[in-house]
Amino acid sequence: HVQLVESGGGSVQAGGSLRLSCEVSGSTGRRYCLAWFRQVPGKERDDVALAALVTETYTTYRDSVKGRFTISKDNAKNILYLQMDRLKPEDTAMYFCAAARGYGVNSCGSYNDWGQGTQVTVS
């Protein structure tokens with residue numbers, strides 16, 4: 001299993017930026033897909049990742065955040081990031097990082113390991 005601890009959430013005005021961090025541990029020796037999800041107040045957590053780091057060179061994004069959010073990883077520190085720019089009020093949510101076993105070339109298993117979440121509020 002992978003342990004994940006998010007940080008970096010907060011309150012920001014529309015148009016502003018935030019960078020979320022997720023410390024990753026316990027993943028040595030295996031390839032894991034890492035991703036960011038969010039849960040809007042009053043709704044279920046999204047079951048489709050906002051952004052996923054499938055391999056070091058292959059990333060995916062939901063259409064709603066393409067061009068605004070960037071997922072990356074510092075391999076030396078084992079920290080996953082989500083740079084969020086041009087934030088909108090509808091981006092207000094609890095943000096979670098998650099891990100899934102990587103398979104084959106660009107495939108991921110189910111996201112079974114989750115962090116505790118970090119709140120982002122955009123007004």
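What you are looking at is a predicted structure, and each value in this text was computed from that prediction instead of being measured.
- Under the rule for a side chain to side chain donor-acceptor pair (under 3.5 Å), Glu90 has no partner lying at least two apart in sequence or in another chain.
- At least one side-chain heavy atom of Val24 sits under 4.5 Å from a side-chain heavy atom of Val2.
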Give the table of side-chain donor-acceptor pairs shorter than 3.5 Å for residues 116-123, with sequence neighbours excluded, one pair per line with atom names and distance.
residue, atom, partner, partner atom, Å
Gln116, NE2, Glu6, O, 3.1
Thr118, OG1, Gly9, N, 3.0
Gln119, NE2, Ala93, O, 3.3

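- The CD atom of Gln3 sits 7.5 Å away from atom CG of Asp113, with the distance rounded to the nearest 0.5 Å.
- Residues Ser64 and Lys66 have side chains not in contact (no heavy-atom distance under 4.5 Å, counting atoms from C-beta outward).
- When atom types are taken as modelled, the side chain of Asp46 and the backbone of Val48 share no donor-acceptor pair closer than 3.5 angstrom.
- Relative to the ring axis of Tyr32, Arg30 does not place its NZ or CZ within 45° and under 6.0 Å from the centre.
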Evaluation steps, side chain to side chain contact (heavy atoms under 4.5 Å, CB included), between Phe69 and Leu20
CA-CA 11 Å; Phe69 291 9; Leu20 305 183; over 6 Å; no

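- In this structure, CG in Leu80 is found 4.5 Å from CD1 in Ile71, a value given to the nearest 0.5 Å.
- Enclosure of atom CG in Asn75 by more than 12 non-hydrogen atoms of other residues, nucleotides or ligands within 6.0 angstrom is indicated.
- Nearest heavy atoms, Ser110 versus Ala100: O-CB, 3.3 Å.
- We find the CD1-SG distance between Ile79 and Cys97 to be 11.0 Å, quoted to the nearest 0.5 Å.
- No donor-acceptor pair under 3.5 Å is formed between the side chain of Ser107 and the backbone N or O of Gly104.
- For the side chain to side chain donor-acceptor pair (under 3.5 Å) test, residues two or more places apart in sequence or in another chain that qualify with Ser17 are Asp85.
- Looking at residues two or more places apart in sequence or on another chain, you find a salt bridge (charged side-chain N to carboxylate O under 4.0 Å, His left out) between Arg68 and Asp91.
- Not a single ring pair (Phe, Tyr, Trp, His ring centres under 6.0 Å) links Tyr61 to another residue, sequence neighbours left out.
- The main-chain N or O of Thr57 is found under 3.5 Å from a side-chain atom of Thr55 such that the two form a donor-acceptor pair.
- The 12-atom threshold is exceeded at CD of Gln39, counting heavy atoms of other residues, nucleotides or ligands nearer than 6.0 Å.
- Note on Val54: it does not cluster hydrophobically with Leu34, by side-chain heavy-atom contacts below 4.5 Å among ILVMFWY residues.
- Shown here are the ring pair (Phe, Tyr, Trp, His ring centres under 6.0 Å) partners of Phe37, two or more places apart in sequence or in another chain: Tyr111, Trp114.
- Proximity of Val65 to Trp36: side-chain heavy atoms (C-beta onward) are nowhere separated by under 4.5 Å.
- With rounding to the nearest 0.5 angstrom, the CG atom of Leu50 is 6.0 Å from the OH atom of Tyr95.
- Side chain of Arg38 to backbone of Phe96: no donor-acceptor contact under 3.5 angstrom is found.
- Residues Tyr81 and Leu53 fall into different hydrophobic clusters, defined by Ile, Leu, Val, Met, Phe, Trp and Tyr side chains chained together at heavy-atom separations under 4.5 Å.
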